[in-house]
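The structure appears right after this line, and notes come after that.
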Amino acid sequence: RTFKDVLTAASLSAKWSNADAIDTAVTASVPGGEEAIKGYEIKQFWPFNPVDKKTTARVVTPDGGELLVAKGAPQIIGNTLSSPEERAATDRYIDERASRGLRSIAVAQSADGGDTWQLVGLISLLDPPRPDSAATIRRAQELGVEVKMVTGDQLAIAVETSRRLGLGTHIMEGSQLMADKTLGSALMTQVNEVDGFAGVYPEHKHRIVEALQGRGRLVGMTGDGVNDAPALKKANVGIAVAGATPAAKGAADIILTEEGISTIITAICRSRMIFRRLETYILYRIASSLLILGFFFFGIIILKFEIPTWVLVLISITNDVSAMFVSFDKVHTSEMPETFRMGKCLCVALAQATVGIISMILLLVLASPERANWWHLFGITLNILAPENNYTEGEVVAVMYLALTALIQLNLLTTRNPSFWWRFGKHTAPRPSLILMAPVAAFLLAATFIAVYWPERIEPDAGRGSMDGAGWAAIGITWAYVIVWWQISDLAKTIVQKVFRVSEEHVERRKREGTPLPGWVAAMDLPNQWASRASSYIGSWADTVWAPMARALGQRVRRNPLTRAEMQSQMSSALSLSRMSGIEVNELRALQGRGAGPGAEHKQLRKSVDAIKAVAVNLPDNTEDTAYGRASL
């Protein structure tokens with residue numbers, strides 16, 4: 001057969017409009033274009049699907065004969081060929097082209113309705129990775145993300161492609177994933193260790209995700225078709241690539257609108273930056289709340305310190321406003337995946353709050369005239385109220401107000417940096433943003449002037465306790481005291497962060513090696529385990545309570561008429577399931593081709609979809625295909 005014969009036969013089983021990349025390449029290469037098949041009449045067309053991996057057309061030739069023409073994956077077409085010599089030639093062609101990284105498609109025809117098939121020819125296609133794929137994968141690996149290639153191509157093609165992308169050449173064939181009905185430990189280990197997968201069918205993707213999750217991995221999966229929906233739903237992060245079907249988009253967590261996967265790197269980096277801002281916010285809120293509560297508990301309950309209510313309200317307002325600007329702070333993306341550890345946050349915040357509480361109680365004792373009264377050491381005299389009056393000295397209130405406000409605001413600069421607050425770098429934190437520093441500086445300046453000049457006679461709440469400006473000398477000494485204790489608080493935070501950083505390195509290393517954790521690391525991780533268990537229990541309880549209500553609500557929603565897009569999406573799922581269960585759906589496919597519109601066809605289409613769904617519900621769980629088909633639907 002000639003080159004033109006092979007391309008003409010291939011174009012008969014290809015779409016000339018709304019075509020995919022392969023059909024576009026085939027039809028564009030046909031000598032004479034669409035004129036070359038003008039004498040042929042296509043009576044019926046079966047489009048490509050990931051299960052059959054081929055397209056088929058029933059064609060009437062110019063001389064009145066009838067043929068079945070198919071093109072698709074060479075291993076699929078090769079298995080249908082009647083001649084052993086043609087099957088052997090197909091295998092040789094596949095291996096030779098695959099070793100060079102070329103994809104092949106086979107074209108065959110049948111003149112007896114599909115009982116016997118003859119090879120028409122084979123076509124080689126160059127389908128190299130996108131220019132940015134290797135760089136994107138390399139960047140993902142630098143960020144601590146292990147990338148595994150999943151392809152429907154043959155093993156040899158997968159090995160060559162994986163080598164070009166820098167992923168390694170340890171490739172597992174998809175058929176091995178379904179060797180056992182159950183997902184055993186040996187299979188999970190094998191899936192975890194390989195670099196990629198070849199000859200993959202849609203149901204294999206679900207098994208890959210399940211196996212990796214069984215090894216404790218957080219899995220992100222990309223996909224674009226209806227049959228990818230179960231795997232996208234199963235993955236921790238499902239990513240629908242550009243041009244994905246509505247079913248894939250509905251199951252995904254992220255939808256890409258541009259070609260390529262480089263956008264995923266942007267999503268990873270931005271998500272880690274958001275994580276760091278949230279972690280800073282949580283640390284700051286916990287530390288400042290513990291500091292305020294601890295100081296007022298010991299100061300008011302034990303030391304009988306009285307502070308005007310409006311002062312407490314003012315401290316709380318400035319604390320809340322500063323915390324809002326954390327979302328605008330500069331942060332670095334981390335080089336390794338982040339894991340939220342509540343125990344770590346509590347320990348770091350508790351270390352800062354403990355130092356802060358000690359410093360504030362000590363300052364209260366030193367500043368109170370009836371206690372240490374350290375002011376005389378600096379030659380400062382405070383106005384002491386009459387002994388019969390139970391009020392605390394207004395100047396002491398001013399001093400404590402400034403110290404508490406300053407320590408809380410400055411803690412915002414320490415919580416944002418895992419190292420010392422002044423150590424800026426790639427592995428610590430960048431310099432704080434102007435948007436963050438502006439409110440902090442404004443509140444500190446305002447608190448300083450209030451503490452210096454506030455007149456005693458002004459009492460906004462007219463309650464017990466008053467505040468009187470303490471003057472620049474006392475406030476200057478207070479500032480020096482606060483800065484010294486702020487450095488001590490920063491040192492305590494850095495030590496705790498360092499301990500947890502070492503423990504996290506142990507966890508990552510032991511996870512890779514599969515060895516048990518040291519006792520002190522396991523003990524530090526106990527709060528996280530308790531939190532995870534509590535979360536699981538709460539989630540199970542919520543599912544038990546709310547699942548019946550959700551089902552009832554879903555039934556009410558489904559009484560409403562489906563839109564055309566929804567009906568077409570359901571139809572695609574029904575067709576996918578029908579191929580797995582052997583249901584004859586020519587009538588349904590014809591209806592889908594014409595589109596679901598109002599009237600009799602719309603009613604018939606909905607009736608047919610309901611029938612397919614009823615069949616799916618009653619299918620026995622005796623094969624992976626059946627279970628996967630139901631999940632997909």
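Keep in mind the model is a prediction, meaning the values are calculated, not measured.
Between F295 and L363, every side-chain heavy-atom pair lies at or beyond the 4.5 Å cut-off. The side-chain heavy atoms of L410 and L444, taken from C-beta on, include a pair separated by under 4.5 Å. Contact annotation: the side chain of I282 approaches that of F340 to within less than 4.5 Å [non-hydrogen atoms, C-beta and beyond]. Between T415 and V326, every side-chain heavy-atom pair lies at or beyond the 4.5 Å cut-off. Annotation: side chain of M172 is in contact with side chain of L187 (closest heavy-atom distance under 4.5 Å). Between S327 and Y281 there is no side-chain heavy-atom pair separated by less than 4.5 Å. Within the 4.5 Å cutoff, the side chain of L402 has no heavy atoms near those of the I450 side chain. Side-chain contact between R130 and T136 is absent, with no heavy atoms from C-beta onward closer than 4.5 Å.
Annotation: the span from L291 atom CG to S359 atom OG amounts to 7.0 Å, rounded to 0.5 Å. Here L413 contributes atom CG and D490 contributes atom CG; the two are 9.5 Å apart, rounded to the nearest 0.5 Å. Rounding to the nearest 0.5 Å places CH2 of W454 at 15.0 Å from CD of E395. How far CD of E338 is from CG of L278: 11.0 Å, rounded to the nearest 0.5 Å. In this structure, the separation between CD1 on I292 and CD1 on I357 is 10.5 Å, given to the nearest 0.5 Å. We find the OG-CD1 distance between S271 and I264 to be 11.5 Å, quoted to the nearest 0.5 Å.
The closest donor-acceptor contact from the side chain of K205 to the backbone of V200 lies at 3.5 Å or more, if one exists at all. Between the side chain of T280 and the backbone N or O of R276 there is at least one donor-acceptor pair closer than 3.5 Å. The backbone N or O of V219 sits less than 3.5 Å from a side-chain atom of N236, completing a donor-acceptor pair. Between the side chain of D195 and the backbone N or O of H170, at least one donor-acceptor pair lies under 3.5 Å. Without hydrogens or angle criteria, K493 side chain to I488 main chain gives no donor-acceptor distance under 3.5 Å. A distance-only check finds no donor-acceptor pair linking the side chain of W486 to the backbone of L407 [under 3.5 Å]. Although no hydrogens or angles enter the test, the distance criterion places a donor-acceptor pair under 3.5 Å between the side chain of R207 and the main chain of L177. Between the N319 side chain and the I315 main chain, no donor and acceptor come within less than 3.5 Å of each other. Judged by distance alone, the side chain of R416 and the main-chain N or O of K330 form a donor-acceptor pair under 3.5 Å. Within the 3.5 Å criterion, the main-chain N or O of S334 finds a donor-acceptor partner in the side chain of R272.
Contact record, A406 with V482: CB-CG1, 3.9 Å, taken as the closest heavy-atom pair. Heavy atoms only, all atoms of each residue included: T151 and A158 are closest at CG2-CB, 3.8 Å. The two atoms that bring L364 and G299 nearest to each other are CD2-CA, 4.1 Å, heavy atoms only. Residues L167 and Q141 approach most closely at CD2-NE2, 3.7 Å, considering heavy atoms. Annotation for A252 and G238: closest pair CB-O, 3.4 Å, computed over non-hydrogen atoms. A pairwise comparison of heavy atoms in S322 and Y284 identifies CB-OH, 4.0 Å as the closest pair.
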What do the steps show when you test F197 against V191 for side-chain contact (heavy atoms from CB on, under 4.5 Å), and what is the final call? CA-CA 9 Å; F197 306 88; V191 170; 3.6 Å; yes
Pair W310-L314, side-chain contact (heavy atoms from CB on, under 4.5 Å): steps then yes or no: CA-CA 6 Å; W310 69 270; L314 183 60; 4.2 Å; yes
The test is salt bridge (charged side-chain N to carboxylate O under 4.0 Å, His left out); show your working for D228 and K234 and say whether it passes. CA-CA 10 Å; D228 294 329; K234 177 68 174 174; over 6 Å; no
Evaluate K304 against E306 for salt bridge (charged side-chain N to carboxylate O under 4.0 Å, His left out), listing each step before the verdict. CA-CA 6 Å; K304 308 300 181 183; E306 294 183 5; over 6 Å; no
Dump the intermediate steps for side-chain contact (heavy atoms from CB on, under 4.5 Å) on M400 and V396, then the final yes or no. CA-CA 6 Å; M400 300 309 298; V396 177; 4.2 Å; yes
side-chain contact (heavy atoms from CB on, under 4.5 Å) between M188 and N192: does it pass, once the steps are laid out? CA-CA 6 Å; M188 286 192 291; N192 187 60; over 6 Å; no
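Between W472 and F449, the ring center distance clears the sub-6.0 Å criterion.
With salt bridges taken as basic N to acidic carboxylate O contacts below 4.0 Å, none links R138 and D132.
Heavy atoms of other residues, nucleotides or ligands lying less than 6.0 angstrom from NZ of K233 number 12 at most. More than 12 heavy atoms of other residues, nucleotides or ligands sit less than 6.0 Å from atom CZ of R164. Within 6.0 Å of the CZ atom in F420, the count of heavy atoms belonging to other residues, nucleotides or ligands exceeds 12. Heavy atoms from other residues, nucleotides or ligands lying under 6.0 Å from CZ of F424 number more than 12.
No side-chain donor from either of T263 and E258 sits under 3.5 Å from a side-chain acceptor of the other.
Note on residues 420-433: pairs passing side-chain hydrogen bond (donor to acceptor under 3.5 Å, both in side chains), not counting sequence neighbours, are W421-Q487.
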